[in-house]
2 protein chains.
Amino acid sequence: MFKKILLAEDFQDTNKGIVDALENRFQIENIQEELYCDKAFNRFKVAHAQGEPYDLLITDLSFKESHVERRLTSGKELIQAVRSIDPDIKIIVNSMIDNPIEINPLFTEFKINGYVCKGRNSLNELIMAMEEVRQNRTFVSPQINLNSANNVIEMDKYDIMILKDLADGLTKKEISKRLKKNKISPNSESTIDKKISRLFDEFGAKNTHHLIAKLIKQGRI
Amino acid sequence: MFKKILLAEDFQDTNKGIVDALENRFQIENIQEELYCDKAFNRFKVAHAQGEPYDLLITDLSFKESHVERRLTSGKELIQAVRSIDPDIKIIVNSMIDNPIEINPLFTEFKINGYVCKGRNSLNELIMAMEEVRQNRTFVSPQINLNSANNVIEMDKYDIMILKDLADGLTKKEISKRLKKNKISPNSESTIDKKISRLFDEFGAKNTHHLIAKLIKQGRI
DNA sequence: AAATCCCTTACGGAAATCTGTAAGGGATTC
DNA sequence: GAATCCCTTACAGATTTCCGTAAGGGATTT
């Protein structure tokens with residue numbers, strides 16, 4: 001089993017629960033817990049530089065803000081930073097997010113090895129994940145259906161930019177002006193109109209209020 | 001210290017962290033953990049009926065859905081059910097919510113005794129909360145400023161109902177019709193117009209898109 | 001080269017939003 | 001009782017949204 005584990009999780013109770021479980025279950029020699037991404041990354045760097053690298057990172061995705069100034073503010077950033085230094089370290093994400101759209105890129109872009117969704121069985125799942133990952137397999141909590149991410153309507157950055165502007169209270173005329181000023185094309189009011197209308201159909205929205213409300217609730221804009 | 005504690009928390013890792021901490025810190029004789037509100041409530045009822053009631057309930061607010069059919073689906077409902085049977089049991093809420101607007105009513109309406117906000121120090125805070133509550137005082141995590149809830153713009157149920165309708169894509173005309181059908185007054189298109197316009201000013205919103213976006217992001221609708 | 005497809009843009013009309021004015025009614029104040 | 005305040009409602013005009021039609025241009029297909 002893994003010998004040297006780094007745990008990044010900002011909730012004290014969750015953190016303790018995981019540490020206790022792993023120590024009881026696996027008799028891990030060396031498990032280091034951190035409440036901040038930055039501190040976790042520092043530990044990782046030092047260990048790597050000293051030739052005694054961690055062989056597993058377990059990390060949450062969202063970390064609370066705090067009075068401490070932070071450079072890395074999310075698990076995603078931590079993973080990216082860690083991966084840029086060590087392409088081989090195994091990474092398991094332990095988070096409450098259950099949206100395949102957000103989880104999928106973690107595997108494809110950041111090459112994580114396992115995803116455990118916090119819930120009523122997540123400690124057991126974390127242990128399963130560790131066993132799978134140890135044998136160079138991936139693990140995803142069974143309640144997550146990554147395939148459903150394929151059914152999802154695609155929106156490109158342009159669409160999202162316009163929707164954010166709308167949510168910020170700009171009219172289509174104002175958005176058109178802004179795009180022209182910033183030399184972003186296409187930028188006619190008519191095209192913006194069409195883009196939004198297409199999204200109405202795709203998301204089953206009755207009007208702009210409805211569309212914006214849906215997308216914000218889904219965490220897409 | 002408390003002798004008989006009931007813990008309702010659906011995340012396995014958090015649950016375990018709390019149980020371990022309390023057992024180490026206080027040598028509680030009897031701490032019962034549950035992952036579901038319904039199961040927690042059943043335990044509570046049985047204990048109460050047998051004349052051996054719990055003297056502290058620690059509960060989360062949000063519980064994940066599951067395949068198991070659930071009657072109580074949130075910590076709020078659990079608290080309400082418990083309070084209706086036992087007005088004396090001490091209740092400490094342990095949740096990640098940090099919005100005073102949502103926390104305040106728990107004290108005023110449901111007479112909870114303590115509120116711990118999940119975070120980097122929340123196990124320690126939970127222990128402090130237990131000591132305070134034990135002495136019939138209340139406890140709130142220091143980072144929560146309940147006073148700031150007073151500065152907040154008030155919206156009554158009527159306002160929120162209309163805003164939710166708008167977010168669901170209804171036009172003002174449709175909302176007016178619906179109110180008339182349900183014999184809710186006032187219900188003229190004009191009054192609805194005025195209500196929304198007032199909220200534009202209060203929330204600094206440029207138009208309805210903007211207002212809805214702001215309020216959903218704030219978790220108010 | 002012609003046909004086709006897709007994207008951008010313009011335009012127009014119906015509906016909805018936004019804003020201001022004004023009238024009526026109930027409650028409170030003087 | 002008169003004056004005042006606040007809430008509800010009606011109405012009207014300017015702006016914006018929504019949706020359909022249509023023209024032009026670039027890329028691909030036939």
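Chain letters run A, B, ... following the sequence lines, proteins first, then strands; residues in each count from 1.
The nucleotide range of DNA chain D contacted by chain A, defined by atoms under 4.0 angstrom from heavy atoms of the protein and reported 5' to 3', is D/dT16 to D/dT21.
Applying the salt bridge (charged side-chain N to carboxylate O under 4.0 Å, His left out) test to every pair with at least one member in residues 64-74 of chain A, sequence neighbours left out, gives no pairs at all. Applying the side-chain hydrogen bond (donor to acceptor under 3.5 Å, both in side chains) test to every pair with at least one member in residues 128-137 of chain A, sequence neighbours left out, gives these pairs: A/R25-A/E131, A/K90-A/N136, A/E132-A/R137, A/Q135-A/R137. Sorted by first and then second residue, the side-chain hydrogen bond (donor to acceptor under 3.5 Å, both in side chains) pairs involving residues 38-48 of chain B (not counting sequence neighbours) are B/E34-B/R43.
Shown here are the side chain to side chain donor-acceptor pair (under 3.5 Å) partners of A/R178, two or more places apart in sequence or in another chain: A/D165. For A/D156, the side chain to side chain contact (heavy atoms under 4.5 Å, CB included) partners are A/Y158, A/D159, not counting sequence neighbours. In this structure, the side chain to side chain contact (heavy atoms under 4.5 Å, CB included) partners of A/K164, at least two apart in sequence or on a different chain, are A/I160, A/I221. Remark: B/D193 pairs with B/K172 by the side chain to side chain donor-acceptor pair (under 3.5 Å) rule, at least two apart or across chains. Listed by chain and residue number, B/T73 satisfy the side chain to side chain donor-acceptor pair (under 3.5 Å) test with B/E77 (two or more places apart in sequence, or in another chain).
Contacts between residues 180-188 of chain A and DNA chain C, defined by a heavy-atom separation below 4.0 Å, involve A/P186, A/N187, A/S188, listed by number.
When the P atom of C/dT21 is taken as reference, atom NZ of B/K194 falls 10 Å away, rounded to whole Å.
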Anything under 3.5 Å between a protein N or O and an N or O of nucleotides 15-18 of chain C, put it in a table, one pair a line.
residue : atom : partner : partner atom : Å
C/dA16  : OP2  : B/K173  : NZ           : 3.2
C/dT17  : OP2  : B/K172  : N            : 3.4
C/dC18  : OP1  : B/T208  : N            : 2.9
C/dC18  : OP1  : B/T208  : OG1          : 3.0
C/dC18  : OP2  : B/K172  : NZ           : 3.0
C/dC18  : OP2  : B/T208  : OG1          : 2.4

Under 3.5 Å, which donor-acceptor pairs do the side chains of residues 55-63 of chain B form with other protein atoms, sequence neighbours left out?
residue : atom : partner : partner atom : Å
B/D55   : OD1  : B/K4    : N            : 3.1
B/D55   : OD2  : B/K3    : N            : 3.3
B/D60   : OD2  : B/K118  : NZ           : 3.3

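Annotation for B/K214: atom NZ counts as buried by contact number, over 12 foreign heavy atoms lying within 6.0 Å.
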